[in-house]
Amino acid sequence: MKYLHSVTLVTDKCHGCTHCLDFCPTEAIRVRGGKAQINPDRCIDCGECIRVCKNKAKKSVYDKLDLLSKYKFKIALPAPALYGQFDNLDDLDCVIDGLYSMGFDYVFEVARAAEIVSEYTRRYLKREDVPRPVISSACPVILRLISLMFPSLADHVIPVMSPMETAAIYARREAKRLHPELTDDDIGVCFISPCPAKVSYVKNNPTNRRPLIDAVVSMKEIYFKLISCMTREPDHEHVSRSGVVGLSWATSGGESAAIFNEKYLAADGIDNVIQVLEQIENNALPNLEFVELNSCPGGCVGGVMTVANPFIAKARIQGLRRYLPVTRNFAGDRDSTEVPEEFIIHTELKKRRIGTFSPDEKLTLQQMTEIEALSEQLPQLDCGVCGAPTCHAFAEDVIRGNASLSGCIVCSFLSNDEEDVK
Amino acid sequence: MADVLKLHFDVDGDDFTSAGEASADVKKRLRLMGCDPEIIRRVSIAMYEGEINMVIHAGGGVADVSVYSDKIEIVLEDKGPGIPDIALAMSEGFSTAPDTVRSLGFGAGMGLPNMKRYTDVLHIDSKVGEGTKVTMIVNT
Ligand SMILES: Nc1ncnc2c1ncn2[C@@H]1O[C@H](COP(=O)(O)OP(=O)(O)OP(=O)(O)O)[C@@H](O)[C@H]1O
Ligand code: SF4
Ligand code: SF4
Ligand SMILES: [Mg+2]
């Protein structure tokens, strides 16, 4: 099955300027016939191309809130980054209250689930039979990146569900406890997302069960509606139950801090992440227990579907954390040292969580040799005029039969010159 | 018929930060060819350690990688000081790395032992004052 993507091209707006080619970490973009194209087998939904396109020709596709109207009972799962989006917010309850006023029947903070995931992570790290460093599974971009570029590290990824999925399990359970008459299909769960990667992750339902989440909406899109529903005097029935740990998951380093062990590394920004994964694969980072990787700069607060600048959001979250207890949510089975079955992802990472990655046809030795030979003859300008990000990528396209050598204007220009000389 | 892919890299001895680029480039090609992840990992570890050794101990050198249908051969050649006692250099924990380099996290004396562990063949030719040639083979 094809992997569905949130990140897409708005053809009309694309000028074919080739600017985005340079920024795609997986070389998924080509410009053909004056328009950009995204190779779905290579795209990891990192959103870099959305960040850099000056013509706003790349966008993320997500669900509309109306999608929930068909459900009897509507649940909102706000991502921790949501709390950093508001100026002068001094009470998390205002946000939760706002979500109820918007029409949700129940709100379960993903920050709460994050605290439980942190507890499971600490349990998992006690196991000596798992390869080190253990890599976080929360950012779906990283999962796809590992599958595409670092498959040998797949078994380093912690098989515990992400806070978003964990929140969905808890929220559904709570809804049924409060309203025993509800069936799974009566309940609509909506994640309020900072990034397109979460949209894609949910759309490609990584489990083999009924999806836990029914809709993923953009923080940016619901922002104004939510703000208008937020009042200064929250109704004190609806109270936040997140602690410092949960809130901190919004920013890079927050998840790591909660493992209560200093042998960790937290990297954010896709280029940094790739460098760190290279080093892990090279065995060059010994003595690390845990690695937290976030594709977006600053962590989830840097997602392309957020409103606030990531540094400002981070500062706000610091302020909001201030008088909170460290953690307020605990796994049900507090004395256990195991992660319960329900929260484990069994199916092999690369097969289910991220789609089967056989990016393109495998190249044969012969083809690879031809690519190297052709690439050496190209001008090595990586100018992008041919529509490929680098001369090497263009050589690959030509040998695969996806592009014609005449696409290299510099080459044709030089060969004309030579003819002139003759 | 080309039945071997040859890749050549100059490994700059003046720039620490670029060490590892050649192995990353090789890795990228192996991935495109659908090479087994475990093989890719072994090649990248061995080549990375070798590259770093050329930068730290020998002021840089050249790397030549040949990919055959049944094996990957990595040859690293430098004109550095050479290794006086290869058996000693091969022992775990032996290192002549200066303190400046140790502060960067190198110099545990684990590079050569790891290169041996992760490859099927490791052969070192070295002459003091002339240089070192390290040949590694990973069967695929
Ligand atoms: N290319 C080389 N030229 C000269 N000497 C070398 C070379 N490669 C290795 N050596 C010598 O062999 C020793 C052991 O090498 P090895 O890679 O095992 O450890 P290291 O480089 O000192 O530390 P580590 O690899 O753990 O960072 C080095 O300290 C150095 O004296
Ligand atoms: S940056 Fe990319 S998507 Fe945007 S206009 Fe240029 S080619 Fe099109
Ligand atoms: S979302 Fe990321 S991986 Fe996908 S095309 Fe854009 S830059 Fe490339
Ligand atoms: Mg070494």
Side-chain angles (χ1 to χ4, degrees), chain A residues 25-27 39 41-42 131 145-157 265 271 274-288 348-350 356-376 389-390 392-393 395-397 399-400, chain B residues 1-9 16-53 56 65-72 104-111 113-115 117-118 140:
Chain A
T26 61
E27 298 189 343
N39 177 347
D41 290 333
R42 284 197 185 186
L145 179 70
I146 287 177
S147 163
L148 178 65
M149 285 174 62
F150 303 96
S152 78
L153 300 179
D155 56 356
H156 288 245
V157 177
L265 176 159
D271 293 341
I274 291 174
Q275 280 176 21
V276 167
L277 288 170
E278 291 285 4
Q279 294 290 65
I280 297 176
E281 196 166 54
N282 290 344
N283 226 3
L285 295 176
N287 307 322
L288 277 181
E348 217 179 303
L349 166 81
K350 54 185 173 227
T356 330
F357 242 146
S358 53
D360 317 87
E361 286 287 294
K362 280 184 198 171
L363 290 163
T364 62
L365 193 51
Q366 167 90 38
Q367 283 173 314
M368 202 67 224
T369 315
E370 287 169 20
I371 290 170
E372 294 309 318
L374 176 57
S375 174
E376 263 169 41
T390 61
H392 194 272
E396 193 192 320
D397 291 349
I399 300 300
R400 284 185 190 280
Chain B
M1 260 294 283
D3 44 13
V4 51
L5 168 67
K6 292 205 175 274
L7 302 166
H8 175 85
F9 304 91
F16 246 108
T17 55
S18 68
E21 277 175 12
S23 50
D25 258 21
V26 170
K27 210 190 300 194
K28 187 175 163 191
R29 272 118 181 127
L30 296 178
R31 252 184 237 137
L32 285 169
M33 292 165 63
C35 188
D36 177 69
E38 199 44 37
I39 299 284
I40 297 183
R41 196 176 72 96
R42 288 170 57 202
V43 167
S44 45
I45 293 174
M47 183 162 170
Y48 176 78
E49 290 288 1
E51 238 185 286
I52 296 281
N53 276 356
I56 294 180
V65 177
S66 310
V67 182
Y68 299 87
S69 57
D70 58 347
K71 66 177 182 200
I72 297 161
L104 287 163
F106 301 110
M110 287 306 294
N114 273 331
M115 285 153 72
R117 180 170 314 138
Y118 288 102
T140 55

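Labels below follow one simple rule: chain letters A, B, ... track the order of the sequence lines, proteins then strands, and each chain is numbered from 1.
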Given that the side chain runs from C-beta out, which part of Arg29(B) has a heavy atom under 4.5 Å from chain A: side chain, backbone, both or neither?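 For Arg29(B), the contact with chain A is made by backbone and side chain together.
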Please look at Tyr118(B) and chain A and tell me whether the side chain, the backbone, both or neither of the residue comes under 4.5 angstrom of a heavy atom of that chain.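 Just its side chain gets close to chain A.
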Selection from Arg42(B), Glu38(B), Lys28(B) maximising heavy-atom pairs under 4.5 Å formed with chain A: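 The residue among Arg42(B), Glu38(B), Lys28(B) with the greatest pair count is Lys28(B).
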Looking only at non-hydrogen atoms, find the nearest pair between Leu148(A) and Arg42(A) and report the distance.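 It is CD2-O, 3.6 Å.
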Specify the closest pair of heavy atoms between Lys71(B) and Thr140(B), including all atoms of both residues, with the distance to one decimal.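 Distance-wise, the nearest heavy atoms are N-OG1, 3.3 Å.
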If you count the non-hydrogen atoms of other residues, nucleotides and ligands that lie under 6.0 Å from CG in Asp70(B), is the total more than 12?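 Yes.
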Which region of Glu372(A), side chain (C-beta onward) or backbone (N, CA, C, O), has a non-hydrogen atom less than 4.5 Å from a non-hydrogen atom of chain B, or is it both or neither?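 For Glu372(A), side-chain heavy atoms alone lie under 4.5 Å from chain B.
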Can you tell which part of Glu376(A) gets under 4.5 Å to a heavy atom of chain B, answering side chain, backbone, both or neither?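 Neither part.
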Side-chain heavy-atom pair [X], [Y] within 4.5 angstrom cut-off:
X	Y	value
Ile146(A)	His156(A)	no
Ile274(A)	Pro25(A)	yes
Leu374(A)	Ile399(A)	yes

Examine Arg31(B) relative to Phe150(A) and say whether NZ or CZ is less than 6.0 Å from the centre of the six-membered ring and inside a 45° cone about the ring axis.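 Relative to the ring axis of Phe150(A), which defines the angle, Arg31(B) lies inside both limits.
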Distance-only side-chain donor-acceptor flag, Glu370(A) / Gln366(A), under 3.5 Å: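 Yes, side-chain donor-acceptor contact under 3.5 Å.
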Tell me the residues of residues 44-52 of chain B whose non-hydrogen atoms fall below 4.5 Å from those of chain A, in number order.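 Answer by number: Ser44(B), Ile45(B), Tyr48(B).
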